[in-house]
Amino acid sequence: MAAEDIIAKLRAAAPVIAPSLLASDFAHLAEEIRRLEEAGAHVLHLDIMDGHFVPNLSFGFPVIEAIRRSTRLPLDVHLMISEPGRYLSRFRAAGADLLTIHVEAVDDPRPLLREIRRLGAVAGLTLNPPTPIQAVEPYLGDCDLVLVMSVAAGFGGQEFEPQAADRLRRLRAEGGNDLLLSVDGGINDHTIGLCAEAGARLFVTGSALFAHHDYRQVMEEFRNLALAHKNLQA
Ligand code: DX5
Ligand code: ZN
């Protein structure tokens with residue numbers, strides 16, 4: 001699917017719960033993906049960690065390729081790696097539809113964001129909680145998506161940092177409606193409303209979703225909470 005179509009579909013489907021496969025059962029990945037599709041997922045979030053940019057390792061190209069073969073859902077690939085520019089075309093070839101780089105990982109994100117777009121993927125930029133919001137602001141024009149980290153990148157199951165809401169609000173005001181805002185880390189039934197009210201439209205959800213058996217029920221519950229808060233704001 002073309003990047004513009006993916007953006008349009010995600011926008012139309014918002015609020016979107018983006019399951020983070022990091023918290024899924026890797027021994028039964030195809031089955032997990034099938035269950036997420038049946039539960040109504042619109043996108044899958046893939047966390048790539050290199051043991052260098054973050055102190056943890058996750059998975060790489062062969063696993064992304066295997067996921068790509070298992071689903072037609074857009075793959076939202078979150079690169080927690082140093083020197084992401086070295087690998088963008090390989091991630092795209094492996095099946096990434098959205099590619100998000102960390103602003104802390106590069107000197108100048110602009111050429112990389114442009115390369116992501118040139119490769120036909122949705123261009124995303126993200127920042128960790130301690131990084132000043134000013135670090136991403138000059139690049140909003142080259143981004144389709146900004147991912148606000150509400151935990152320090154590197155591990156699932158951490159506690160939500162509420163300052164993320166202020167960042168979402170500010171980015172929403174600056175980036176306008178064209179910018180897709182996503183939030184990642186510690187999203188659950190207590191935190192999703194705040195993020196929705198602050199302007200997030202995509203909600204990356206790992207441990208809080210996979211802790212339950214009925215993915216559809218949790219995704220609907222979370223989505224309804226996000227909708228309720230979005231409506232309150234309107
Ligand atoms: C953290 C990852 C997240 C993580 C979210 O480094 O970017 O996507 O999987 O997991 P939860 O929802 O458990 O915080
Ligand atoms: Zn992530």
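Read the numbers this way: they start at 1 and go in the same order the structure lists the ligands and their atoms.
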Close-contact set for ligand 1 against [X] heavy atoms, below 4.0 Å:
X	answer
Gly185	14 (O)
His78	7 (O)
Ala153	6 (O)
Val204	8 (O)
His45	8 (O)
Asp47	2 (C), 3 (C), 4 (C), 7 (O), 8 (O), 9 (O)
Met149	7 (O)
Leu22	9 (O)

What protein heavy atom sits nearest [atom], and how far off is it?
atom	result
atom 1 (C) of ligand 1	Phe155 O, 3.4 Å
atom 3 (C) of ligand 1	Asp184 OD1, 2.9 Å
atom 10 (O) of ligand 1	Gly156 CA, 3.7 Å
atom 12 (O) of ligand 1	Gly206 N, 2.8 Å
atom 9 (O) of ligand 1	Ser20 OG, 2.8 Å

Three-point angle His78:ND1, the Zn ion (ligand 2), His45:NE2, rounded to the nearest 10°: 100°
If you stand at the Zn ion (ligand 2) and look out to OD1 of Asp47 and OD2 of Asp184, what angle do those two lines make, to 10°? 170°
Let me confirm one number: the [atom1]-[atom2] distance from [X] to [Y], rounded to the nearest 0.5 Å.
X	Y	atom1	atom2	result
Asp144	Leu180	CG	CG	7.5 Å
Leu171	Leu147	CG	CG	10.5 Å
Ser89	Arg118	OG	CZ	10.5 Å
Leu22	Phe210	CG	CZ	9.5 Å

Among Arg170, Gln163, Arg169, the one residue meeting side-chain hydrogen bond (donor to acceptor under 3.5 Å, both in side chains) with Asp166: Arg169
Any nitrogen or oxygen of [X], main chain or side chain, under 3.5 Å from a nitrogen or oxygen of ligand 1?
X	answer
Gly186	yes
Thr205	no
Ala208	no
Val151	no

One pair to check against side chain to side chain donor-acceptor pair (under 3.5 Å): Glu104 and Thr131. What are the steps and the verdict? CA-CA 8 Å; Glu104 304 88 354; Thr131 304; 2.6 Å; yes
Contact between Val77 and Leu98 at the side-chain level, heavy atoms closer than 4.5 Å - yes or no? no
Below 4.5 Å, heavy atoms only, C-beta onward: do Val183 and Leu168 meet side chain to side chain? yes
I'd like to know if the side chain of Asp76 pairs up with that of His78 as donor and acceptor (distance under 3.5 Å, no hydrogens or angles considered). no
Whether Gly154 lies under 4.0 Å from ligand 1, heavy atom: yes
Can you tell me if Gly157 contacts ligand 1 (heavy atom of the residue under 4.0 Å from the ligand)? yes
Non-hydrogen atoms of [X] and [Y] that approach each other most closely:
X	Y	result
Gly154	Asn56	O-ND2, 2.9 Å
Thr205	Ile17	OG1-CG2, 3.5 Å
Gly124	Leu113	O-CD2, 3.6 Å

With heavy atoms under 4.0 Å as the rule, classify the contact between Ser207 and ligand 1 as side chain, backbone, both or neither. both
Electrostatic pair Arg35-Glu38, nearest N-O below 4.0 angstrom: no
